[in-house]
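Accompanying notes for the structure given below.
Values in this document were obtained by computation on a predicted structure and should not be read as measured data.
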Amino acid sequence: MLDAHERFVASGPLRIWTERVGDPGLPAVLMVMGSAAQGVSCPDALVGRLVERGVQVIRFDHRDTGRSSVVDFDAHPYTIGDMARDCLAVLDGYGLSSAHVAGTSMGGMIAQWLGVHAPDRVRSLTVMSSSPMGHDPRPASRRCSPVFGCRA
């Protein structure tokens, strides 16, 4: 069993549930999970192995997920950038100027946003089971091309 410490941090008016495992004096790894995946879906075995290697691990619930604040998306839509700013609020809540950031699925896209828009806060970037930021997932026959124009 991991010795975990839970707390909520503020991201604007939202409360974001977080959990830290490991020595607060060690470098941090921020685990950013996928869409609708709670922070605890990051396996304890992985967290334990990272801590054994000499880091602290912070995992959290995205807005609208788990124990974090619920947002009425129809009334207050948010973007990947807003979710990335929640990650920065988590780092701020722990007094961390930067962290190693590891994102899975949609969390990988959020991690990429951080790498591009807040590079001073990202010590290293690991993206797993995700898509490149800005990727157009439509079939090639439906994309616009500078040479061939747009096809319906």
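A heavy-atom distance below 4.5 Å is not found between the side chains of Gln56 and Val21. Taking 4.5 Å as the limit, every side-chain heavy atom of Asp3 sits out of range of all side-chain heavy atoms of Val51. Side-chain atoms of Val9 and Arg7, non-hydrogen and from C-beta on, do get closer than 4.5 Å to each other. At least one side-chain heavy atom of Val90 sits under 4.5 Å from a side-chain heavy atom of Leu30. The shortest distance between side-chain heavy atoms of His62 and Met83 falls below 4.5 Å. Met31 has its side chain within reach of Val57: a pair of non-hydrogen atoms, C-beta onward, lies under 4.5 Å apart. In this structure the side chain of Met106 never reaches within 4.5 angstrom of the side chain of Ser130, judged on heavy atoms.
Nearest heavy atom pair, residue Gln38 against residue Ser41, reads O-OG, 2.6 Å. The two residues Gly54 and Pro27 come nearest to each other via the heavy atoms O-CD, 3.9 Å. The two residues Pro119 and Val116 make their nearest non-hydrogen contact at CD-O, 3.7 Å. The minimum heavy-atom distance linking Ser98 with Asp120 is given by the pair CB-O, 3.7 Å. For Leu91 against Arg121, the heavy-atom pair with the smallest separation is CB-NH2, 3.4 Å.
The hydrophobic cluster containing Val55 also contains Leu46, counting ILVMFWY residues as joined when their side-chain heavy atoms lie under 4.5 angstrom apart, directly or transitively. Cluster membership check: Ile80 shares its hydrophobic cluster with Leu125, using side-chain heavy-atom separations under 4.5 Å among Ile, Leu, Val, Met, Phe, Trp and Tyr.
Note that CD1 of Ile110 is 9.5 Å distant from OG1 of Thr79, once rounded to the nearest 0.5 Å. The distance from the OG atom of Ser97 to the CG atom of Asp92 is 9.5 Å, given to the nearest 0.5 Å. Here OG of Ser69 is found 9.5 Å from CG of Asp86. Values are rounded to the nearest 0.5 Å.
Panel note: side chain Glu19, backbone Arg59; no donor-acceptor pair is recorded below 3.5 Å. Here the side chain of His100 pairs no donor or acceptor atom with the backbone of Ala28 at under 3.5 angstrom. The backbone N or O of Gly12 sits nowhere less than 3.5 Å from a side-chain atom of Arg85 that would complete a donor-acceptor pair. Of the possible polar contacts, none joining the Arg63 side chain to the Ile16 backbone as a donor-acceptor pair under 3.5 Å is found. In this structure a side-chain-to-backbone donor-acceptor pair under 3.5 Å is missing from Thr18 to Phe60. Between the side chain of Ser105 and the main chain of Gly107, no donor-acceptor pair closer than 3.5 Å is present. Counting only distance, with no hydrogens or angles, the side chain of Ser11 and the backbone of Leu14 share no donor-acceptor pair below 3.5 Å.
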Checklist entry - Would Val101 and Val32 count as a side-chain contact (heavy atoms from CB on, under 4.5 Å) if you check the C-alpha gap in whole Å, the side-chain angles of each, and the deciding distance to 0.1 Å? => result CA-CA 7 Å; Val101 179; Val32 187; 4.0 Å; yes
Item to check | Step-by-step side-chain contact (heavy atoms from CB on, under 4.5 Å) determination, Ile58 to Leu96 | outcome: CA-CA 11 Å; Ile58 299 171; Leu96 297 168; 3.6 Å; yes
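In this structure, a donor-acceptor pair under 3.5 Å is absent between the side chains of Asp61 and Ser68.
Taking the charged nitrogens against the carboxylate oxygens, Glu6 and Arg67 do have a contact shorter than 4.0 Å, which makes a salt bridge. Using a cutoff of 4.0 Å between basic side-chain nitrogens and carboxylate oxygens, Asp44 and Arg49 are not scored as salt-bridged.
Phe8 forms part of a hydrophobic cluster together with Trp17, Val40, judged by ILVMFWY side-chain heavy-atom separations under 4.5 Å.
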